[in-house]
Amino acid sequence: MELTGVGIWSSQLHYGDAGEAADAAAELEELGFAALWIPDVSGSVLDAVARLLAATKRTVIATGILNLWMHSPGDVAASHAALTAEHGDRFLLGIGVSHAPLIDAGQPGRYRKPLAATAAFLDGLDAADQPVPVASRVLAALGPKMLALSAQRARGAHPYLVTPDHTAFARATLGEGPLLLPEQSVILTDDANEARRAGTDWLRGYLALPNYANNLLRSGFTEDDLTQVSDRLFDAIIAWGDEDAVKARVAEHRAAGADHVCVQVLTADPREFPRVQWRRIAAALT
């Protein structure tokens, strides 16, 4: 499983119309994207992975991430084995511990010891009848301890909502060898006000989650940056402008040590499949 170049991170490919998602995935493969990444908020991510694998022939399908609280390791391992047998070595299992406010909303106090919970889930994958190979899994990781676990127990790390500076920190922590696969959000517009309208509320939603907020504070942003969604923070997290702006930000991540960058296109309507924007990015980057 080769993971280089550029991929697409998309909630629409999971939660949008299944027919359009399949059609879009086939087109994204033809456009030359190396991987398609989908999130897991509802626990249905393995069904979506199966649909996207069936719609494509070569592209890696990756979970960004599979929420470990919503799945049993045994079931995940069995699904991974079955999908790999049917579609070849194209399913990259990205695993993450999610966020306390989301997990505790349904069962207060369930979210605790995220590092230990992740290690236990990996233990379960290793102990399954058909274990998920280390080379076929990566971890959602921001801080040094989870990055270290990514290097020890997985093929690498998938940081989300990060800057190229964080990519450099992650590479230094991982060392050479483990894959580093950051997400990069983009808005294709030259209008600052339009970019703000498309991205501010989206960004606020993530800033309310302690894992992301704490990582940005460690990265040198201030409480005021987070509270106000300052221009400094907005511009650091979201690359907006034309294709050259996206290309330049991806190049920054690559120069900082990323092996592969997954691009998430933001628009005013989060339900929309941004197919025009995907084509524009492909023309510039693939």
Side-chain angles (χ1 to χ4, degrees), residues 5-16 20 24 27-28 31 33 36-39 41 64 99 142 158-168 181-209 211-256 258 260-286:
V6 180
I8 290 294
W9 198 104
S10 168
S11 61
Q12 296 89 351
L13 290 175
H14 181 176
Y15 298 110
E20 185 169 5
E27 182 183 10
L28 289 166
L31 288 172
F33 290 105
L36 306 180
W37 296 76
I38 58 173
V41 178
H99 306 274
L142 295 173
H158 170 51
Y160 185 93
L161 208 78
V162 294
T163 66
D165 284 346
H166 183 276
T167 294
L181 316 164
E183 175 269 350
Q184 176 61 58
S185 302
V186 308
I187 301 173
L188 284 178
T189 179
D190 291 324
D191 185 323
N193 291 327
E194 182 180 344
R196 274 288 193 164
R197 286 193 296 271
T200 299
D201 287 344
W202 174 88
L203 188 49
R204 283 192 192 280
Y206 286 109
L207 297 178
L209 299 172
N211 293 9
Y212 292 127
N214 291 336
N215 185 60
L216 291 169
L217 292 172
R218 285 195 304 266
S219 299
F221 296 98
T222 67
E223 293 282 3
D224 284 345
D225 285 324
L226 274 61
T227 300
Q228 299 171 13
V229 188
S230 69
D231 289 346
R232 172 176 175 251
L233 175 62
F234 189 96
D235 295 348
I237 295 296
I238 300 174
W240 61 271
D242 60 10
E243 291 89 335
D244 286 342
V246 176
K247 190 173 182 178
R249 184 66 62 85
V250 169
E252 288 184 59
H253 281 289
R254 295 299 298 272
H260 166 93
V261 180
C262 38
V263 174
Q264 178 176 191
V265 173
L266 306 180
T267 65
D269 182 357
R271 298 166 298 180
E272 170 189 25
F273 283 79
R275 299 182 72 164
V276 171
Q277 292 91 332
W278 288 340
R279 292 167 192 149
R280 289 175 58 186
I281 291 170
L285 294 181
T286 65

Nearest heavy-atom neighbours spanning [X] and [Y]:
{"X": "S10", "Y": "I38", "value": "O-CG2, 3.6 Å"}
{"X": "P164", "Y": "R249", "value": "CG-CD, 3.8 Å"}
{"X": "G241", "Y": "A245", "value": "CA-CB, 4.1 Å"}
{"X": "R280", "Y": "E243", "value": "NE-OE2, 2.8 Å"}
{"X": "D242", "Y": "D190", "value": "N-OD1, 3.4 Å"}
{"X": "T167", "Y": "A258", "value": "CG2-N, 3.7 Å"}

If we only count heavy atoms from C-beta on, is the [X] to [Y] side-chain gap below 4.5 Å?
{"X": "P182", "Y": "H158", "value": "no"}
{"X": "W9", "Y": "L36", "value": "no"}
{"X": "P159", "Y": "H166", "value": "yes"}
{"X": "Q12", "Y": "E272", "value": "no"}
{"X": "Y206", "Y": "I237", "value": "no"}

**Verdict with reasoning, V265 to I187, per side chain to side chain contact (heavy atoms under 4.5 Å, CB included)** = CA-CA 6 Å; V265 173; I187 301 173; over 6 Å; no

If you measure from [atom1] on [X] to [atom2] on [Y], what distance do you get to the nearest 0.5 Å?
{"X": "F33", "Y": "I281", "atom1": "CZ", "atom2": "CD1", "result": "6.0 Å"}
{"X": "F273", "Y": "L28", "atom1": "CZ", "atom2": "CG", "result": "10.0 Å"}
{"X": "L217", "Y": "E223", "atom1": "CG", "atom2": "CD", "result": "5.0 Å"}
{"X": "L31", "Y": "L285", "atom1": "CG", "atom2": "CG", "result": "11.5 Å"}
{"X": "Q264", "Y": "L161", "atom1": "CD", "atom2": "CG", "result": "9.0 Å"}
{"X": "L216", "Y": "D225", "atom1": "CG", "atom2": "CG", "result": "9.0 Å"}

**Message:** If we check side chain to side chain contact (heavy atoms under 4.5 Å, CB included) with V186, which of these qualifies: L266, V246, V250?
**Reply:** V246

[X] side chain to [Y] side chain, donor-acceptor N/O pair below 3.5 angstrom:
{"X": "Y160", "Y": "Y212", "result": "no"}
{"X": "Q228", "Y": "S230", "result": "no"}
{"X": "Q184", "Y": "H253", "result": "yes"}
{"X": "H260", "Y": "W37", "result": "yes"}
{"X": "D235", "Y": "W240", "result": "yes"}

**Asked** Going by an N to O cut-off under 4.0 Å, is there a salt bridge joining D231 and R196?
**Response** yes

